[in-house]
Structure formats: C-alpha cells, structure tokens
2 protein chains.
Amino acid sequence: MSRQELPILDASCCTPLTSEALTEESAVDLAKGFKALGDPVRLRLLSLIASRKGGEVCVCELTDAFTLTGPTISHHLRVLREAGLIDCQRRGTWVYYWIIPAKLSALSQLLDVPAASPDAVSA
Amino acid sequence: MSRQELPILDASCCTPLTSEALTEESAVDLAKGFKALGDPVRLRLLSLIASRKGGEVCVCELTDAFTLTGPTISHHLRVLREAGLIDCQRRGTWVYYWIIPAKLSALSQLLDVPAASPDAVSA
DNA sequence: CTTCTGCTTAGAAGGACATCTAATCAGGGA
DNA sequence: TCCCTGATTAGATGTCCTTCTAAGCAGAAG
C-alpha cells in the first residue's frame, strides 16, 4: 500500500478564497478534496484517524465504529486516500491508516476567511 | 430572498479534527458544508463571491464567468445557500450574493491540523 | 397594461455514488 | 500445506446529482 499516483502536494493554492478567485484548474483539484470530505461516514473516519493518539488506526477499529460492512468502509477509506487526505500501510495481518496533515491544512487555509465580512452584512 | 431555514450557525463543532472524534450528528451536519464545496463550479462561484471587493456580486456577473446556462448557475448558488455558505438579496432587477464568513471559518477550523503529524510519518 | 430583462423553478436525461453480497488477496499459525 | 482471519476488489442495485430546456416569477420601463 501507500501505492500509486497520489497528487503528493498538488499545485493548487494555499491562499484563502478571499484573496483571489480560483482558476478552473485549481477549483477542479480542490473540489476533489472537499468532495471526499462531503460524506458523513468519511468525515467520521477522518476524525477517528486524526484524533487518534499515535496517529495511526487499524482498519478493524474503524469498521467496528460503524454499522456498515467492511467493504463499504474500505471503499470510503480508498476515496479519502485517493483524495490525498490519508495514507496507509499493511503490517502483518492489519492495515493502519494515518492522516496527511499538509493536505488538510491546504484545504483549511482556503476557507480561512476573516471572521467578519469586509462589509456587506445583514440578511 | 435571504429566505427559509438556514442553520444560522449550527450546533456542529469548531474544534479541529485532531482534538476529538466527531459525533455522527456533527458529521452529518458538517458533511453538508463540504459536499457543497465538493464541486468545481460551486468552488469557483464561492471564490468569485468571496474575493470580490465590496463583498457582493451580481448573479449576472457570475453567470458570465462560466459556459453553463443560467439555471445551472442558479442551482449551484442555491446549493451553496442551503449549505449556509452564502446568502443573497434582490435589489431591483438584480440579485446579489455574498459569503457567510462564520460558516467558512467553522469548516476551516475543523481542518486546521498541526502542520506535522504527531508522529507516524513516512509512506 | 404590456412587454422586456434578470433570475428562479419544474421536469427530464444521463452519469456518478453509496451500499451490499460474493469473491479474491495477504499473512500467520496449526 | 491448509486453513483462518483481516482487508480489498468486483459486480449489482437503488439513489442522488449535474446539466439541460421550457416555463414561471419579479421588477422596470414604455
């Protein structure tokens, strides 16, 4: 594992949305990350992995935390991995997953807007 | 406009993923936000709105920035609005959109993990 | 009042996605 | 070697999503 064409740290930006508009190219790339986060199961999986002391979680523990089948969990983990948000390694019988902080940070920074809108408030 | 049941500032967390695991409830709520961001068109729309000096953009300008039809742009704006990421107001013939910074910040903070993983690096 | 423009809603078509069962692969132990 | 457990892959199914065209609504202007 730890296999294949992960974008490593793709070209897309690290500046907040408020600074300048995204190119179509960047938008396509970044949207993949957010799409991966856009499912409750994957978000919980990611949080279970990210919040783990030691940084690693065995798949078997993740599976136990849901009422979904193993293949379904495996599918969601793959989506997260292909989005570059997590990576994994097999050790003996078990497979361990961990987060890729740089990727999460990049997405975080994109959304990091000043707490109060420039002006134009109300509703 | 500015209508209906926006979650205003929903119960879901503001602490990073690394601090503690999400409840299923929070995950469902937060995933809605990320799902809305998980499309290249919506991400570009949001960036066009967020990066605008003055904080507001007319729909007509947004439509011009894409090769998609008006109804399609309108659909994506609705998704962003229902996710609580933007809001809008009609003024005369035109409709103006602006971002809701608090909502973006909440999502940003969730993904705001320390730059280096606790340990467990490599790949 | 009628008509024009800007925008949204309705409905349909095609593709993408989440989930399951069944089958396969990888390692460890008898 | 054979089997057992942990995990992924393959294939199927029902649902959701993106996009379009056509129709409707809101305000301004003649």
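Each chain gets a letter, A, B and so on, in the order the sequences are listed, and its residues count up from 1. Quick caveat, the model's predicted, so the values are computed rather than measured.
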CD/B:Glu61: more than 12 non-hydrogen atoms of other groups inside 6.0 Å:
yes
Between atom CG in B:Asp39 and atom P in D:dC16, what is the gap in whole Å?
18 Å
Please confirm whether the shortest side-chain N or O distance from A:Arg78 to OP1 or OP2 of D:dT8 is below 4.0 Å.
no
Between A:Lys35 and A:Thr69, which has a closest nucleotide on DNA chain C that is more 5'?
A:Lys35
Nearest to the side chain of B:Ser74, which nucleotide is it out of D:dA7, C:dG6, C:dT9?
C:dT9
Roughly, in whole Å, what's the span from CD1 in B:Ile73 to P in D:dT19?
8 Å
Tell me, please, which residues at least two apart from B:Glu20 pass salt bridge (Lys or Arg N to Asp or Glu O under 4.0 Å).
none
For the residue pair A:Ile100 and A:Ile86, what are the closest heavy atoms and their distance?
CD1-O, 3.6 Å
Rounded to whole Å, the CG-P distance (A:Leu68 to D:dA7) equals 16 Å
In whole Å, I'd like the distance from the CD atom of B:Glu82 to the P atom of D:dT18.
12 Å
Looking only at non-hydrogen atoms, find the nearest pair between B:Trp98 and B:Ile49 and report the distance.
CA-CG2, 3.6 Å
Heavy-atom pair of closest approach, residues A:Leu110 and A:Thr15:
CD1-O, 3.4 Å
Give the rounded distance in Å between these two atoms: CG of B:Leu80 and C1' of C:dT8.
15 Å
May I have the distance from A:Arg42 (atom CZ) to C:dT19 (atom C1'), rounded to whole angstrom?
12 Å
Of the listed nucleotides (D:dT18, D:dC20, C:dT19), which one gets closest to any side-chain atom of B:His75?
D:dT18
Given side chains that start at C-beta, do those of A:Leu111 and B:Leu37 come closer than 4.5 Å, heavy atoms only?
yes
For A:Asp112, give me all partners under side-chain contact (heavy atoms from CB on, under 4.5 Å), at least two apart in sequence or on another chain.
B:Ser108
At under 4.0 Å between heavy atoms, how does the protein contact nucleotides 23-30 of chain D? Give one character per nucleotide, 5' to 3', with B, S or -.
----SS--
Report yes if at least one side-chain N or O of A:Tyr96 is closer than 4.0 Å to OP1 or OP2 of D:dG6; otherwise report no.
no
In whole Å, what is the span from the CD1 atom of B:Ile86 to the C1' atom of C:dC7?
14 Å
Distance, rounded to the nearest Å, where A:Leu45 contributes CG and C:dA18 contributes P
12 Å
Just N and O in the side chain of B:Tyr97: are any of them under 4.0 Å from OP1 or OP2 of C:dT8?
yes
Given C:dT19, D:dT9, C:dT8, identify the nucleotide with an atom nearest to the side chain of A:Thr72.
C:dT19
At under 4.0 Å between heavy atoms, what does B:His76 touch on the DNA or RNA strands: base, sugar-phosphate, or nothing?
sugar-phosphate
